[in-house]
Amino acid sequence: MNLDAILDPDTIKSITDNEQLVFHSVGDTGGVNTPTYIEAVARFMDCDLTYSEPPDRPSLFYHLGDVVYYDGESANYWPEFYEPYLNYHAPIVAIPGNHDGDVNPATGESSLQAFVRNFCSQSAVISPDNTEAPRRTMTQPNVFWTLNTPLVTIIGLYSNCPEGGQISDTQRSWFISELQAAASDLPVIVAVHHPIYSAYGPHPGSTRLKDLLESSCKSAGRSPDVVLTGHVHNYQRFSAPLNGKQDVPFIVAGAGGYNQRLHTLGKVFHDAQQKNQLPVQIEGEDVRLESFNDQQHGYLRITVTKQTIKLDYIVVPDPSEQAKDGLLKPYDSVELKLLG
């Protein structure tokens with residue numbers, strides 16, 4: 001899918017002329033019974049659109065999955081998706097998370113039925129799940145899909161519902177072909193809901209997905225420059241090698257608004273953070289935890305140019321605070337220099 005299928009011609013022209021693409025990304029936003037936190041994150045994403053001028057204004061939101069809890073029910077798309085982003089005047093694309101694919105037997109809906117209706121529609125229409133927002137459905141070609149842009153190729157995978165993720169041989173073959181087909185002069189970002197690395201014990205990184213990613217990259221002869229994930233309800237940034245490419249950022253960005261409970265890392269990581277001793281080497285692996293935030297909700301603001309990819313993690317004030325609208329400074333940033 002090409003970017004001009006999502007954005008208007010003026011926005012495409014600005015991206016092309018300025019050679020800069022800015023977009024938001026985060027996962028695990030569904031508010032369930034407490035929409036306060038998703039509304040807080042959405043509010044400051046709105047501010048990015050309102051207070052930024054092109055080419056620094058984000059052009060879209062790439063959702064990392066778990067749009068709706070708990071079982072992807074169509075009835076929850078209004079309170080957990082369309083209403084919170086009512087004032088977010090930019091396109092929203094997505095890959096599904098495990099909750100988007102789960103099935104509630106009581107509703108009679110099949111796995112991913114509501115996600116497909118709202119994100120993989122044959123045409124851009126007002127969804128029956130949308131009560132009154134002007135947002136139309138997205139026309140993504142599949143639940144795993146590639147977004148081609150003038151500056152970066154974004155390959156989105158669907159890691160299904162089991163803990164640790166699960167990708168079929170069919171999707172693996174497709175992934176290899178997409179890596180091979182990606183423009184050789186542009187960087188590649190891979191997005192998948194379940195994390196490859198995680199320092200949160202109950203939701204550790206997936207060795208199954210790690211093996212699949214490494215073997216697929218080896219088969220394709222191409223590795224991504226950045227890997228974006230969610231699922232764990234906090235922010236973690238790892239640095240790890242991937243098929244000969246050193247210090248690839250593996251990001252967990254799963255604090256997009258799910259209720260108030262965030263997943264807290266263990267004492268050893270907090271002690272290292274308080275003593276200013278990050279990064280921490282992950283035991284048994286050539287992987288470093290470079291930064292984390294497990295106390296505040298937030299989102300990624302990603303800037304891609306011909307020379308660099310910059311990943312800024314923005315934490316938002318607690319809803320109980322009297323925060324003024326405006327642009328927030330990044331909590332954490334990493335910038336990759338691209339080989340020209």
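Note: hydrogens, waters and symmetry copies are ignored here, and every other heavy atom, side chains too, is used.
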Asker: Which residue pairs satisfy the side-chain hydrogen bond (donor to acceptor under 3.5 Å, both in side chains) criterion with at least one member in residues 87-96, sequence neighbours excluded?
Answerer: H24-Y88
Asker: Going by the side-chain hydrogen bond (donor to acceptor under 3.5 Å, both in side chains) test, which pairs reach into residues 243-257, not counting sequence neighbours?
Answerer: D225-K245, S239-D247, D247-R288
Asker: Show me the donor-acceptor pairs within less than 3.5 Å that the side chains of residues 35-44 make with the rest of the protein, sequence neighbours left out.
Answerer:
residue	atom	partner	partner atom	Å
R43	NE	D325	OD1	2.6
R43	NH2	A323	O	2.5
R43	NH2	D325	OD1	2.9

Asker: For Y70, which residues count as a ring-ring contact (aromatic ring centres under 6.0 Å, His included) partner, sequence neighbours excluded?
Answerer: H99
Asker: Return the set of residues passing side chain to side chain donor-acceptor pair (under 3.5 Å) with K329 (not counting sequence neighbours), or none when no residue passes.
Answerer: none
Asker: With sequence neighbours left out, write down each residue that passes side chain to side chain donor-acceptor pair (under 3.5 Å) with K13, or none if nothing qualifies.
Answerer: D17
Asker: List the atom pairs, donor and acceptor, that lie under 3.5 Å between side-chain atoms in residues 174-189 and the rest of the protein, sequence neighbours left out.
Answerer:
residue	atom	partner	partner atom	Å
S177	OG	W174	O	2.6
E178	OE1	T146	OG1	2.7

Asker: Test: salt bridge (charged side-chain N to carboxylate O under 4.0 Å, His left out). Region: residues 200-211. Which pairs qualify, not counting sequence neighbours?
Answerer: K210-E214
Asker: Checking T131 now: which residues fulfil side chain to side chain donor-acceptor pair (under 3.5 Å) with it, not counting sequence neighbours?
Answerer: none
Asker: With D10, which residues qualify under side chain to side chain donor-acceptor pair (under 3.5 Å), at least two apart?
Answerer: none
Asker: D102: which residues meet the salt bridge (Lys or Arg N to Asp or Glu O under 4.0 Å) condition with it, sequence neighbours left out?
Answerer: none
Asker: Using 4.0 Å as the upper bound for N to carboxylate O, is an ion pair formed by R57 and D48?
Answerer: no
Asker: Run the ring-ring contact (aromatic ring centres under 6.0 Å, His included) test against F119 and tell me which residues pass, sequence neighbours left out.
Answerer: F81, F115
